[in-house]
Amino acid sequence: MVSIVIVSHSKKLAEGVVELAQQMSQNKVKIAAAGGLDDESSPIGTDAFKIKEAIESVDSEDGILVLMDIGSAVMNAELATEMLPEAIMKRVLLCEAPLVEGAIAAAAQSMVGADLKAVAKEARNGIQGKETLLGAPEEDVHLDKTIATKGREIRLIVPNDLGLHARPAVRLVEITNKFNNEVNVSVNDKPFVSARSISQVGTLGAKKGDTLIFKVQGDDFSAFENALKQFELDNFGDPKGGTIKEKEVKEPAKTIVNKCGFIQGIPASKGISIGKAKVLKTETISVDEEIVEASLEELNKFKNAVVRVASETEEIRQKAMGHHGKEDAEIFDFHLLLLSDKEKLKEVEQLIEKNHFSAAYAWFKVFSALEAKYQEMSDEYLRERASDIAEIRNKVLDEISGAHQMKIVLHEPSILVVDEIGPAQTLSLDTDKVLGIISKTGGETSHATILARSLGIPSITGLENQIDAIKNEDIIGIDGSTGIIYLEKTHPEKINALRVEQQAEEKLFKERFSKAKLPAISSDDVEFKILANVSSPKEAKIAYTNGADGIGLYRTEFLYMNRETPPKEEEQYEIYKQVCENMHGLPVTIRTLDVGGDKPIPYLGIPEESNPFLGLRGIRYCLQNTEIFKTQLRALCRISADYNIRIMYPMVGMLEEVLAANTLLAEVRYELDQENIAYSKAMEIGIMVEVPSVTFILPQLAKYLDFLSIGTNDLTQYLLAMDRENTLLSKNYSALHPSVINALSKIIDGANKEGIEVSLCGELASNPGATALLSALGLRKYSMSGPVIPRIKDAIRNMDVSNNKEEFKGFAEWSTLDMVKKAIS
Ligand code: PEP
Ligand code: MG
């Protein structure tokens, strides 16, 4: 016989339910109570160990059904199940049925020898008896699978050519919502659905000539009937006598394909790739299932996101109305109705409340199912509405996550074509499947680009509306070093030429790769250290195999992304350890959290800033959020006991910041001393040189530091006052600009004079064209994307530093970017 466990926050309630259920089963079924806590001062709650014991006490070969009351009861029951021996665990079923009614129904069913599935089903149906007596609550009527078919009937013949497509469906729901009736509607013997729900009315798929049957309960019957008749007379709002085409509101983007037939973007990450284009559509976005205990918070997150997207959609609707007219604006009515569709919103709420799904996952699940339903529709117009649903789904997801956290999933090797891609998304890409990335927006030093480089994925960015020339499944060839894209359908010969080039590139790469682990020594015997920039253990592995002499920049902020709370000390310790392990004893410079600017992390609570790049970034944030900072410093100090690491502070602009950070570090070390936890007292401390002010106080800073690392990405941004991500400025945003080159020279000379180590970890270091120039400025340590290392080492082996100094001695006179580019070409 199936046995039963009752889990409740209250001991008395659990025991009382057992008593009731036992009475039903005439004490034949084994039923155990796991209620309350064994703590007299706080007896209300649930305890996973207690639940585990209760399950074991009634273990039965036929299975054990566990019924729970609210909130943590579910979490603890899950935890208890995980703690059980595997054999028992397999026969446990946690059931969402109501506690009291479910227990009674389950006991009765078990008593007659039903199996676990049947007992659970009966438990779930336990509520039916009450419903029969009292009727279901009004708001649940829509959710009931057997939607009421009671009430007076109205029949309507679908008059228009296109049938009940999106626009008439929206109108129909609007008409229904105007009246105080309960209305269900059906067509062609399909189950009745609520006429108030766009998600349900839309999927009816009624065609011209079909009869819509409405069942109406309520006082406004006649008014509603008249409105429907008028709607029918109006041909469901479509023009009479002639087929119309649904219009897109957006102006089709003008495609600017180069006269020579190729598409030119900004070269972002080197390498040639040829393959199928995967234009990022909704189906490639996925949200992982996530259980979150704080359901209330998730619920609020979800509701706020929907409200924000609705108000934004309303604004767009108004604009569309002004610019394009009523017909176009109506497309957004469909969006707005989706956002206020009670059925769907309720479904999401229930998944959050009952299943404890995260807001993002619950929303994703419900709207992806709806999208799939539309995709299967036989009617073309309705099928096309799937993309509207996906758009709304993604907008709300964006709002929930606050930072485009959806994961991109590819099912076959392809070149990704996206409007924009975030750093966290790039980091989560499956590098075996992504052959290349093409994006509409972005720049050479945007973080997604930097990450693509570290992962060795060829990439082209800043395409703007040229991107529209690439259609899903097109075979395309991309060259990440020139930024050129060819379409096979128009230029098969160019694709063939690219293939040949790709093979030659691979050959060269293999040659360079075979020497990657050897030191980089110039022909006149000057030794260089070539380090890697990484963001994860995976990238550290790539860097090591590419011959990195260590890690010059480990961007730890990525560990804080794609989650709801900051990583705990232990988790950080483990990840840092993996990075160090992957470098096999080579030095690892770990940069402390560099949040802010182009790396937003919503849960860290940085207030909305009018100029985030000049706001609470990097060390500034850490000094105002010392708990988060100290947790990281603690993990880093512990790592320093066993591994060769150094700490680097980002975004330092003044000495006060270094002193304050060092004081916190001293506090952490003191605390570790008190706890007898080991760390290295010799661990070196350095800063990123990204804020121009640093250039003017090098001697003062040098006293407190062991090293400097120049971050040309930000240094360029702040020196030139140009947003590093702004595609419109990308032509002039360059670390090769004479002012930046002169600043570099000043910093390198200053550091050498103070006897403090200096390296460069901005993207400039990955540019083989700049290697010789940087060597002439006196730089001997470079940090770059792992896959670029073999190439740069090769360039160093083939150069002569004294010659370089001679060649570039007039650099201080350079006045334009073109001049610098010419000089180094
Ligand atoms: C830089 O600014 O040059 C740098 C290396 O840091 P990030 O790109 O992470 O801002
Ligand atoms: Mg920076």
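Each ligand, and each atom within it, is numbered from 1 in the order the structure gives.
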Per-pair distances, 0.1 Å, donor-acceptor, side chain in residues 655-664, under 3.5 Å, sequence neighbours excluded:
{"residue": "E657", "atom": "OE1", "partner": "G653", "partner atom": "N", "Å": "2.7"}
{"residue": "E657", "atom": "OE1", "partner": "M654", "partner atom": "N", "Å": "3.2"}
{"residue": "N662", "atom": "OD1", "partner": "Y649", "partner atom": "OH", "Å": "2.8"}
{"residue": "T663", "atom": "OG1", "partner": "L659", "partner atom": "O", "Å": "2.7"}

In terms of atom number and element, which parts of ligand 1 are under 4.0 angstrom from non-hydrogen atoms of [X]?
X: L553; answer: 5 (C)
X: G762; answer: 3 (O)
X: C761; answer: 5 (C)
X: R724; answer: 2 (O), 7 (P), 8 (O), 10 (O)

Check your understanding: Would the number of heavy atoms belonging to other residues, nucleotides or ligands and lying under 6.0 Å from NZ of K517 be above 12?
Key -> yes

Review point. Is R591 near ligand 1, meaning one of its heavy atoms is under 4.0 Å from it?
Key: yes

Check your understanding: How many N, O or S atoms of the protein are nearer than 2.8 Å to the Mg ion (ligand 2)?
Key -> 2

Revision key, fill the gap. Short version for N533: what comes under 4.0 Å of ligand 1, heavy atoms counted, is neither

Exercise for review: Would you kindly specify which portion of M648 sits under 4.0 Å from ligand 1, judged on non-hydrogen atoms: side chain, backbone, both or neither?
Suggested key: neither

If you measure from the Lys or Arg side-chain nitrogens to the Asp or Glu carboxylate oxygens, is any gap between [X] and [Y] under 4.0 Å?
X: K703; Y: E754; result: no
X: D594; Y: R591; result: yes
X: E464; Y: K440; result: no
X: K781; Y: D549; result: no

Exercise for review: Check the angle between the aromatic planes of W814 and F808 and answer parallel, tilted or perpendicular using the 30° and 60° thresholds.
Suggested key: perpendicular

Review point. Do we see a donor-acceptor contact under 3.5 Å between the side chains of S481 and D479?
Key: yes

Check your understanding: Going by distance only, is there an N or O of G711 that falls short of 3.5 Å from an N or O of ligand 1?
Key -> yes

Review point. When you look at K270 and E505, which way does the salt bridge (charged side-chain N to carboxylate O under 4.0 Å, His left out) test go after all the steps?
Key: CA-CA 11 Å; K270 293 185 175 41; E505 205 177 65; over 6 Å; no

Review point. Which residue holds the protein heavy atom closest to atom 4 (C) of ligand 1, what is that atom called, and what is the gap in Å?
Key: M688 CE, 3.5 Å

Point to revise | atom 7 (P) of ligand 1: nearest protein contact (heavy atom, Å) | key: H447 NE2, 3.3 Å

Check your understanding: Does the side chain of Y679 reach to within under 4.5 Å of the side chain of V668, using non-hydrogen atoms?
Key -> no

Check your understanding: Does the cation-pi check pass for R724 over Y733, that is, NZ or CZ under 6.0 Å from the six-membered ring centre and within 45° of its axis?
Key -> no

Point to revise | Identity of the nearest option to atom 5 (C) of ligand 1, non-hydrogen atoms only, from E763, E690, R555 | key: R555

